[in-house]
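Remarks on the structure that follows.
Per chain, numbering begins at 1; letters A, B, ... match sequence-line order.
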Amino acid sequence: MLEFLDSPRVLHGIYILGSLTLFFIGLYGLLAKRHLLKALIGIAVMELSVYLLFIALATSPGETAPILADGLIDFTGMADPIPQALTLTAIVIGMAVLALGVSLAIQYHRLTGNSDMRAMTELKDS
Amino acid sequence: MSQVPLRKRVRVKTLLLVLLCGWLLALFLTILLPHGLDGLSGTVGDALLERNAETASANAVTSVVVSYRGFDTLGEVTVLFLAATGVGMLFGGRRQEETGASVARRAAPNEMMVTGARLLFPVLLLLGVYIIAHGHLSPGGGFQGGVIIATAFFLRLLADPDFVLDHARVGLLESLSGSGFVLLGLLGLVLLSTGTFLGNFLPHPVEAMGRLVSAGVIPLIYVLVGVKVGAEVGAIFQDMLEQE
């Protein structure tokens, strides 16, 4: 009944639609929320959608993980390892960016007692 | 639920802007995606998979991360180090004057937390070490295992207010593993048998593929990456907890 999911076009289309939706949910969070931490969470959601898209598009139905285990003897019919390796890099960088951003937000809140982006007027000419 | 009506909680203009962006991107993709697919003949990944047996690593992702793109990994670890340093710098300033006060102010962790952490700490450490050591055989590796080890220490930090990660020792571990990574890379560059940065200068026979001791220098580098990531993420947790 669900055989149509085995065609790469359909499956990749579903993945693209899903991760695009996730990306724009994150973008909405980044643009609409005024709380600093909520904006950072929006950035994290956008990053997640890009990881999902990378991993999903690198694999076609029927390909196995690029690991020689469970009786496999040959590196054929496997998913492309490069997007997976790059995604690993991106996850670590994303974590570093999030940690630094959250620390900056906490420090800003401690110095000014303020976590609203609209009220960040310290550098404004008055 | 809050009493604010839905119309006030959703920013309609922003939502419309985001939807417009989404529609434009989808349009762009439908126009652009069919192009270039017809002439596609193999990717870099396929080429690397074909010759992956030369690294004798059963996990092709690991051989890409550590061997073929090892230089990228070095840069990535450097970015993580910069972030950890930045977090430490942001939270480290006021440590001297109120260290005593901050420990006393934190509420005592509850019994469930303490017992659970005592139970989970060794298991998490073991799992992290296993994932690091088997990075060239199974899914996982230095980054994943390092983060699991850092999580174990984070649980311990939450459960036990007297437990403190020594900054000097963590920093030493971090710099030792970082310089070990660079040193292994330079050894590969200097030795005549390889002659490239991060070249695999240890013997790595293809017959040994799938065993724990195989793939030459790859597991060593991944262990160093694991120690470094664990130390850095642990230092970030420690810095964030200390400032409470």
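- Heavy-atom pairs under 4.5 Å with chain A were tallied for B:Val147, B:Val87, B:Val79; the largest tally goes to B:Val87.
- At a heavy-atom separation below 4.5 angstrom, chain B is approached by A:Phe24, A:Leu27, A:Tyr28, A:Leu31, A:Ala32, A:Arg34 within residues 21-42 of chain A.
- Between B:Leu82 and A:Leu100, every side-chain heavy-atom pair lies at or beyond the 4.5 Å cut-off.
- Interface residue B:Gln144: only side-chain heavy atoms are found under 4.5 Å from chain A.
- In this structure, CZ on A:Arg110 lies 6.0 Å from CZ on B:Phe91, to the nearest 0.5 angstrom.
- Of the atoms belonging to B:Leu19, not a single heavy atom falls under 4.5 Å from chain A.
- Proximity to chain A is limited to the side chain of B:Val233, based on heavy atoms less than 4.5 angstrom apart.
- For A:Ala85 against B:Val65, the heavy-atom pair with the smallest separation is CB-CG2, 3.4 Å.
- Heavy atoms of other residues, nucleotides or ligands lying less than 6.0 angstrom from OH of A:Tyr108 number more than 12.
- Considering CZ of B:Arg69 and CG of A:Leu86, their distance stands at 5.5 Å, rounded to 0.5 Å.
- Contacts between B:Leu15 and chain A at a heavy-atom distance below 4.5 Å involve backbone atoms as well as side-chain atoms.
- Under a cut-off of 6.0 angstrom, the local environment of CZ in A:Phe54 is sparse, with at most 12 non-hydrogen atoms contributed by other residues, nucleotides or ligands.
- For a residue to count as touching a neighbouring chain, one of its non-hydrogen atoms must lie under 4.5 Å from one of that chain's; by this rule B:Ser138 touches chain A with the backbone only.
- Distance alone, capped at 3.5 Å, places no donor-acceptor pair between the A:Gln84 side chain and the B:Val61 backbone.
- Between A:Gln107 and B:Leu90 the shortest heavy-atom distance is NE2-O, 3.0 Å.
- Proximity to chain B (any heavy atom under 4.5 Å) is shown, for A:Leu88, by both the backbone and the side chain.
- Atom-to-atom distance recorded for A:Ser103:OG and B:Ile236:CD1 is 7.5 Å, nearest 0.5 angstrom.
- Residue contact with chain A, scored on non-hydrogen atoms closer than 4.5 Å, involves the side chain of B:Leu25 exclusively.
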